[in-house]
Amino acid sequence: MTAGVTVLVGTTKGAFVLTNGPDWQVSGPFCDGWNINHVVGCAQTGTLWAAGGGAWPGAGVWRSDDVGQTWNLCLLANGKLDDWLRDDPSVAEYTGRSAAPPAPFTGQVEAVWSLAQAGGGLFAGVKPAALYVSHDRGDSWARVDGLSNHPSAPDWQPGGAGLVLHSIVADPGDPAKLWVGISSAGVLATEDGGHSWHRRNRLSNEDHAGHSHTGQDAAHETGHCVHNLVRAPGKGDVMYQQNHHGVFRSNDGGRSWLDITEGLPSNFGFPIAVHPHDPQTLWVLPLNGDMLGRFPPGASAAVWRSRDGGVSWQPLRNGLPARDCYFTVLRQAMAVDTATPTGVYFGTNSGSVFASHDEGDHWQEIARHLPTILSVEVLTRPAQG
């Protein structure tokens, strides 16, 4: 019995859907060629959501109820295109388009950056950093004011891509719990459904004295430029993050973080993924450094896997470019499926998608020549006999 897999890809020129079979089939681009930062979906219903936008088209969330064949847009903020179409009738006539109606969060949202289903709602992280929630499958949205009103919010500083809320992590066993990653405010968490939030950036007391990561905001905190945040499966609160200065593990829901970078070839990278059934297994893709080009160390691609929660690491290279490799893998561009064995997938800024169907031991390129890939997510359909 084998599980069917659909890979959802967000790019700078729209969303794409990759479907497995005898060969991988690529469909797209969808979403009117928008910059799509993140695509998520529900394997049971076939509903997909794609988040993105920018100054020109505006910001919003697209929805497809037929696994990507057709899409509809919920616009959160108008863009400059709407101004142009409204102010110049000749442009509207030439393009055959008309300005969109006023959107509810114009001037507040520049782009939608991330999506997650949690506690019966659909959450969206946006730029500048804020969290929005929809309780009607994305037809309407409301800002989560508890996060925006956090006392630290006026001091949040932008990362290289701006001030973005890029990670939304839920606890399937407790819908009141939610974690978010913001560059560069770090990790914030709520345990009361978003009413109150607490920053969770403290280093574990187990860390060696004199922790030397540069860019720390306080003497005993991790760097606040968190790149990606994931939660391990199970009843515990095991979490992992890749940030600007290494890879970290928390055993207490982010209240404290232990540096587990030792054994990796660098302390810089963007994506991190955790096994859907084993909280001790995770994957990262290190890059050579912030100011050194942001490509694999030695220009040789490798995904690094840990089977013991970050105590030790193993490079996985079989099927990946061994030389002259200068691609970057961005923060939301690695994901896993729920098959057995677990599949691992990542996309590159050079437009390739790589897949492993044996937890990283072997890799194959399943798509190439796509636009710059910003995100990869996976839907696992029920196994077929």
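In this chain, numbering begins with 1 at the start of the sequence shown.
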Exercise for review: Let me see the working for His275 and Glu359 under side-chain hydrogen bond (donor to acceptor under 3.5 Å, both in side chains), right down to the final yes or no.
Suggested key: CA-CA 9 Å; His275 197 288; Glu359 306 197 349; 3.0 Å; yes

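- For CZ of Arg86, the number of neighbouring non-hydrogen atoms (other residues, nucleotides, ligands) closer than 6.0 Å is greater than 12.
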Check your understanding: Can you list the steps and then say if Trp71 with Trp34 is a ring pair (Phe, Tyr, Trp, His ring centres under 6.0 Å)?
Key -> CA-CA 12 Å; Trp71 295 81; Trp34 272 34; over 10 Å; no

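- Counting heavy-atom neighbours within 6.0 Å of Glu93 CD, excluding the residue itself, gives a total of 12 or less.
- Ring geometry, His357 versus Trp24: the interplanar angle falls under 30°, so the pair is classed parallel (tilted spans 30 to 60°).
- Between His166 and Phe270 there is no side-chain heavy-atom pair separated by less than 4.5 Å.
- For the pair Lys177 and Asp192, the salt-bridge criterion is not met [side-chain N within less than 4.0 Å of a carboxylate O].
- Under the 4.0 Å criterion applied to side-chain N and carboxylate O atoms, Asp83 and Lys80 are not assigned as salt-bridge partners.
- Counting heavy atoms from C-beta outward, Ser114 and Phe123 have side chains that stay 4.5 Å or more apart.
- Defined by atom type and a distance below 3.5 Å, a donor-acceptor pair is missing between the side-chain atoms of Ser256 and Ser204.
- A salt bridge links Asp361 with Arg305: at least one charged nitrogen is closer than 4.0 Å to a carboxylate oxygen.
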Exercise for review: Give the C-alpha distance, both sets of side-chain angles, the deciding distance and a yes or no for side-chain hydrogen bond (donor to acceptor under 3.5 Å, both in side chains) between Gln241 and Arg200.
Suggested key: CA-CA 12 Å; Gln241 68 163 289; Arg200 295 190 175 174; over 6 Å; no

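- Asn37 contributes no side-chain N or O that, together with a main-chain N or O of Gly52, makes up a donor-acceptor pair within less than 3.5 Å.
- At a threshold of 4.0 Å, the pair Arg255-Glu191 counts as salt-bridged, since one of the basic side-chain nitrogens sits closer than that to a carboxylate oxygen.
- Arg143 and Tyr132 share no side-chain donor-acceptor pair at under 3.5 Å.
- Using a 4.5 Å heavy-atom cutoff, the side chains of Leu188 and His150 are in contact.
- For Thr106 and Asn78, the side-chain atoms include at least one donor-acceptor pair closer than 3.5 Å.
- Here the side chains of Val144 and Trp197 are in contact, with some heavy-atom distance below 4.5 Å.
- Ion pair Asp139/Arg63 flagged as a salt bridge, since at least one NZ, NE, NH1 or NH2 atom sits closer than 4.0 Å to an Asp/Glu carboxylate oxygen.
- One N or O on the side chain of Asp82 and one on the backbone of Ala100 form a donor-acceptor pair closer than 3.5 Å.
- Aromatic pair His245/Phe268: centroids not less than 6.0 angstrom apart.
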Exercise for review: Decide side-chain hydrogen bond (donor to acceptor under 3.5 Å, both in side chains) for Thr348 and Ser350; before the verdict, give the C-alpha distance in whole Å, the side-chain angles of both, and the deciding distance to 0.1 Å.
Suggested key: CA-CA 5 Å; Thr348 74; Ser350 55; 2.8 Å; yes

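- Across His227 and Gly269, no two heavy atoms sit closer than the pair ND1-O, 2.6 Å.
- Ring geometry, Phe346 versus Phe354: the interplanar angle falls under 30°, so the pair is classed parallel (tilted spans 30 to 60°).
- Taking a 6.0 Å sphere around CD of Gln314, one finds it holds more than 12 heavy atoms contributed by other residues, nucleotides or ligands.
- The shortest distance between side-chain heavy atoms of Ser300 and Arg317 falls below 4.5 Å.
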Practice item. Take Glu365 and Ser352, measure what side-chain hydrogen bond (donor to acceptor under 3.5 Å, both in side chains) needs, and give me the verdict at the end. Key: CA-CA 7 Å; Glu365 188 180 35; Ser352 293; 2.5 Å; yes

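- Formation of a donor-acceptor pair under 3.5 Å by the His135 side chain with backbone atoms of Gly121 is not found in this model.
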